[in-house]
Amino acid sequence: MVIIMVSHGWQVHSDHRVRIYQEEDGNLAIFLDLREFGDPAPLLIDLSEQSVSIVSTPHLVEKIEVKLTKEIVITWSDEPFQLSATEGIYEDTE
């Protein structure tokens, strides 16, 4: 489990490695750290001292828990970790 401190005293707990970009006012963009697939859509969260607002949830997120102890727990889907690119899907017909 990865634990990262962010603004307003909140902690982000993630079951996979993530990259977090943070604005001064507490807005977060959280990316699952996958090098094979480029940058998937981010999880966007607006934070304040007292609240968490989930703005955008990518399809790779399975569950988000917000706890009264100022913890945001993210569970990611295992889907991207089960993919393989062993066969081509494009054929040139010309």
Side-chain angles (χ1 to χ4, degrees):
M1 179 75 58
V2 177
I3 301 172
I4 301 168
M5 291 295 297
V6 292
S7 63
H8 303 295
W10 288 90
Q11 292 181 355
V12 174
H13 298 247
S14 175
D15 63 347
H16 291 292
R17 287 181 40 165
V18 293
R19 289 179 288 123
I20 298 179
Y21 298 95
Q22 180 174 229
E23 291 181 340
E24 289 179 18
D25 58 355
N27 298 328
L28 303 177
I30 303 173
F31 292 88
L32 186 58
D33 198 6
L34 287 177
R35 300 193 194 291
E36 300 86 27
F37 301 102
D39 276 336
L43 168 61
L44 300 177
I45 298 175
D46 289 344
L47 292 179
S48 73
E49 194 68 40
Q50 301 291 326
S51 68
V52 172
S53 176
I54 309 299
V55 177
S56 174
T57 307
H59 74 280
L60 297 176
V61 171
E62 185 175 308
K63 178 172 65 170
I64 302 170
E65 297 175 72
V66 178
K67 298 183 178 185
L68 295 175
T69 55
K70 287 194 160 184
E71 298 172 321
I72 302 166
V73 181
I74 306 167
T75 304
W76 298 91
S77 169
D78 287 332
E79 174 187 326
F81 303 103
Q82 297 172 352
L83 298 175
S84 64
T86 57
E87 294 183 28
I89 58 171
Y90 173 79
E91 291 183 20
D92 190 3
T93 57
E94 292 183 32

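When the side chains of ILVMFWY residues are joined at heavy-atom separations under 4.5 Å, either directly or via intervening members, W76 and L44 end up in two distinct hydrophobic clusters. Residue I20 is grouped with residue I54 when hydrophobic side chains (ILVMFWY) are merged at heavy-atom distances under 4.5 angstrom, including chains of intermediate members. Under a hydrophobic clustering in which Ile, Leu, Val, Met, Phe, Trp and Tyr are joined whenever their side-chain heavy atoms come within less than 4.5 Å, directly or via other members, V55 and V66 fall into different clusters. The hydrophobic clustering, which links ILVMFWY residues whose side-chain heavy atoms are closer than 4.5 Å, places V61 and W10 together.
Residues S7 and Q22 form a side-chain contact, since some pair of their non-hydrogen atoms from C-beta on lies under 4.5 Å apart. The closest side-chain heavy-atom distance from I45 to I72 is below 4.5 Å. Under the 4.5 Å side-chain criterion, counting only non-hydrogen atoms from C-beta, I64 is in contact with T57. Inter-residue side-chain proximity for E49 and K70 is flagged as met; some heavy-atom pair is nearer than 4.5 Å.
Looking only at distances, a side-chain donor or acceptor of S48 sits under 3.5 Å from a matching main-chain atom of S51.
Note: I3 CD1 to Q11 CD = 6.0 Å, rounded to the nearest 0.5 Å. With rounding to the nearest 0.5 angstrom, the NZ atom of K67 is 5.5 Å from the CD atom of E65. Here the CG-OH distance, from N27 to Y21, works out to 16.0 Å after rounding to the nearest 0.5 Å. Atom CG of residue L28 and atom OG of residue S53 lie 11.0 Å apart, to the nearest 0.5 angstrom.
Q50 CD: 12 or fewer foreign heavy atoms inside a 6.0 Å radius.
H16 and L32 make their closest contact through CB-CD1, 3.6 Å (heavy atoms, listed as atom of the first residue, atom of the second, distance). Shown here for M1 and D15, the closest heavy-atom pair between the two residues is SD-N, 4.0 Å.
None of I74, D33, I30 except one satisfies the side chain to side chain contact (heavy atoms under 4.5 Å, CB included) rule with V18; the exception is I30.
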